[in-house]
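Every heavy atom of this structure was used, including side-chain atoms; hydrogens, water molecules and symmetry mates were not. Numbering starts at 1 and runs along the sequence shown. What you are looking at is a predicted structure, and each value in this text was computed from that prediction instead of being measured.
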Amino acid sequence: MDSLTGNLPRAIEVLPFGHGRSPSDYVSLDFEARFLRRKRLSLRSGQSVLVDLPHAVGLLAGQALLCDTGLVVEVEAAAEPLLSIQGEDLVRLAWHIGNRHTPCQIAADRLLIQQNPVLAHMLETLGARVEPISAVFEPETGAYGTGRTMGHDHGHDHSRSHPHDHGAPHEHE
């Protein structure tokens, strides 16, 4: 056993929504921190647990982690620095955000993305009103149910040479 993990309870399973168990404790995580496989987490009570899952998962607020000790830790989404994007043509703005493979939370009157000065400038150039805010970030999970927009992946292998055209150039940060 290493000094990082000590004798910590191990979170070994993700419980689905409506699991029916009362939480023993809570953990508040931002969007990036909710994507994990093995990580030490500090709980609201001050106790720590070691997440030790068989594969990486993207946790959503309201899901829970089940520990080997029986402890049930409910996941809360933490507020984080975001950009609120408003404009006359949100669909067009959303297309430009999606074309850059950036996670985006979509509401009827605005889009939310993680703070990014390059995208903020691009969106302002397109006529958007961009405002920094602090809020919970729960972007769209994707058409394939993976829960994440990760990098430049469309369900095909980029290591093979093939024509690749989305109709617009990409800006990769």
Side-chain angles (χ1 to χ4, degrees), residues 11 14-17 23 25-44 48-53 55-65 73-159 164-173:
V14 176
L15 298 175
F17 293 104
D25 212 334
Y26 297 84
V27 64
S28 185
L29 303 170
D30 67 17
F31 177 68
E32 293 301 325
R34 290 192 314 264
F35 187 72
L36 48 81
R37 188 196 81 71
R38 184 172 164 83
K39 184 176 185 176
R40 183 183 182 144
L41 298 178
S42 295
L43 308 182
R44 186 186 293 167
S48 292
V49 298
L50 173 66
V51 177
D52 191 11
L53 301 170
H55 54 83
V57 297
L59 298 170
L60 300 172
Q63 288 183 306
L65 296 166
V73 179
E74 187 166 317
V75 176
E76 299 174 324
E80 59 189 285
L82 301 175
L83 295 175
S84 174
I85 299 138
Q86 295 179 309
E88 299 302 316
D89 192 352
L90 280 182
V91 171
R92 181 171 167 257
L93 296 172
W95 183 88
H96 281 282
I97 292 167
N99 195 45
R100 277 130 186 105
H101 303 277
T102 299
C104 182
Q105 184 173 332
I106 300 170
D109 63 340
R110 69 180 181 174
L111 306 171
L112 296 176
I113 62 171
Q114 293 170 309
Q115 286 196 1
N116 179 317
V118 172
L119 289 180
H121 177 72
M122 177 203 68
L123 292 162
E124 288 170 339
T125 301
L126 293 168
R129 293 179 305 283
V130 179
E131 175 187 357
I133 65 167
S134 179
V136 167
F137 188 49
E138 296 188 306
E140 293 296 312
T141 59
Y144 300 103
T146 58
R148 292 285 164 151
T149 302
M150 300 299 292
H152 190 96
D153 180 15
H154 313 279
H156 56 258
D157 185 354
H158 279 268
S159 66
H164 190 91
D165 183 12
H166 295 278
H170 285 282
E171 295 175 22
H172 291 285
E173 280 75 50

Quiz item: Are any non-hydrogen side-chain atoms of L59 and V57 less than 4.5 angstrom apart?
Solution: yes
Practice problem: For E76, enumerate each residue passing the salt bridge (charged side-chain N to carboxylate O under 4.0 Å, His left out) test, keeping only those at least two apart in sequence or located in another chain. | Solution: R44
Quiz prompt | T102 side chain to G98 backbone, donor-acceptor under 3.5 Å | solution = no
Quiz item: Under 4.5 Å between any side-chain heavy atoms of M122 and L119, yes or no?
Solution: yes
Quiz item: Do the non-hydrogen side-chain atoms of V136 and F31 ever get within less than 4.5 Å of each other?
Solution: no
Quiz item: Any idea which heavy atoms bring L65 and V51 closest together, and the distance?
Solution: CD1-CG2, 3.9 Å
Quiz item: Considering all heavy atoms of both residues, which atom of E138 and which atom of A61 are nearest to each other, and what is their separation?
Solution: OE2-CB, 3.2 Å
Quiz item: Considering all heavy atoms of both residues, which atom of Q115 and which atom of P132 are nearest to each other, and what is their separation?
Solution: NE2-CB, 3.5 Å
Quiz item: CD/E80 to CG/L29 distance, rounded to the nearest 0.5 angstrom?
Solution: 10.5 Å
Quiz prompt | Non-hydrogen side-chain atoms of L93 and L126 separated by less than 4.5 Å | solution = yes
Quiz item: Any side-chain heavy atom of V73 within less than 4.5 Å of one from L41?
Solution: no
Self-check item: From N116 atom CG to R100 atom CZ, the distance as rounded to the nearest 0.5 Å
Solution: 10.5 Å
Self-check item: Atom pair OG/CD of S28 and E74 - distance to nearest 0.5 Å
Solution: 11.0 Å
Self-check item: Verdict with supporting geometry, I133 and L83, side chain to side chain contact (heavy atoms under 4.5 Å, CB included)
Solution: CA-CA 6 Å; I133 65 167; L83 295 175; over 6 Å; no
Self-check item: Separation of H96 NE2 from L111 CG (nearest 0.5 Å)
Solution: 12.0 Å
Quiz item: What closest approach, in Å, do A135 and L82 show between heavy atoms, and which atom pair accounts for it?
Solution: O-CD1, 3.5 Å
Exercise. Test V49 against D25 for side chain to side chain contact (heavy atoms under 4.5 Å, CB included), laying out the working first.
Key: CA-CA 11 Å; V49 298; D25 212 334; over 6 Å; no
Self-check item: Point-to-point distance, once rounded to the nearest 0.5 Å, from NE2 of H55 to CG of L36
Solution: 11.5 Å
Quiz item: Checking R37 side chain against L53 main chain: does a donor-acceptor pair fall under 3.5 Å?
Solution: yes
Quiz item: Passes side chain to side chain contact (heavy atoms under 4.5 Å, CB included), Y26 versus V75? Steps please.
Solution: CA-CA 6 Å; Y26 297 84; V75 176; over 6 Å; no
Quiz item: Which atom pair, heavy atoms only, marks the closest approach of P103 to F137?
Solution: O-CZ, 3.5 Å
Quiz item: Considering all heavy atoms of both residues, which atom of E32 and which atom of Q114 are nearest to each other, and what is their separation?
Solution: OE2-NE2, 3.3 Å
Quiz item: Is there a side-chain contact between S134 and P81 (heavy atoms, below 4.5 Å)?
Solution: no
Exercise. Using atom types as modelled and distance alone, determine if a side-chain donor or acceptor of R110 lies under 3.5 Å from a backbone N or O of I106.
Key: no
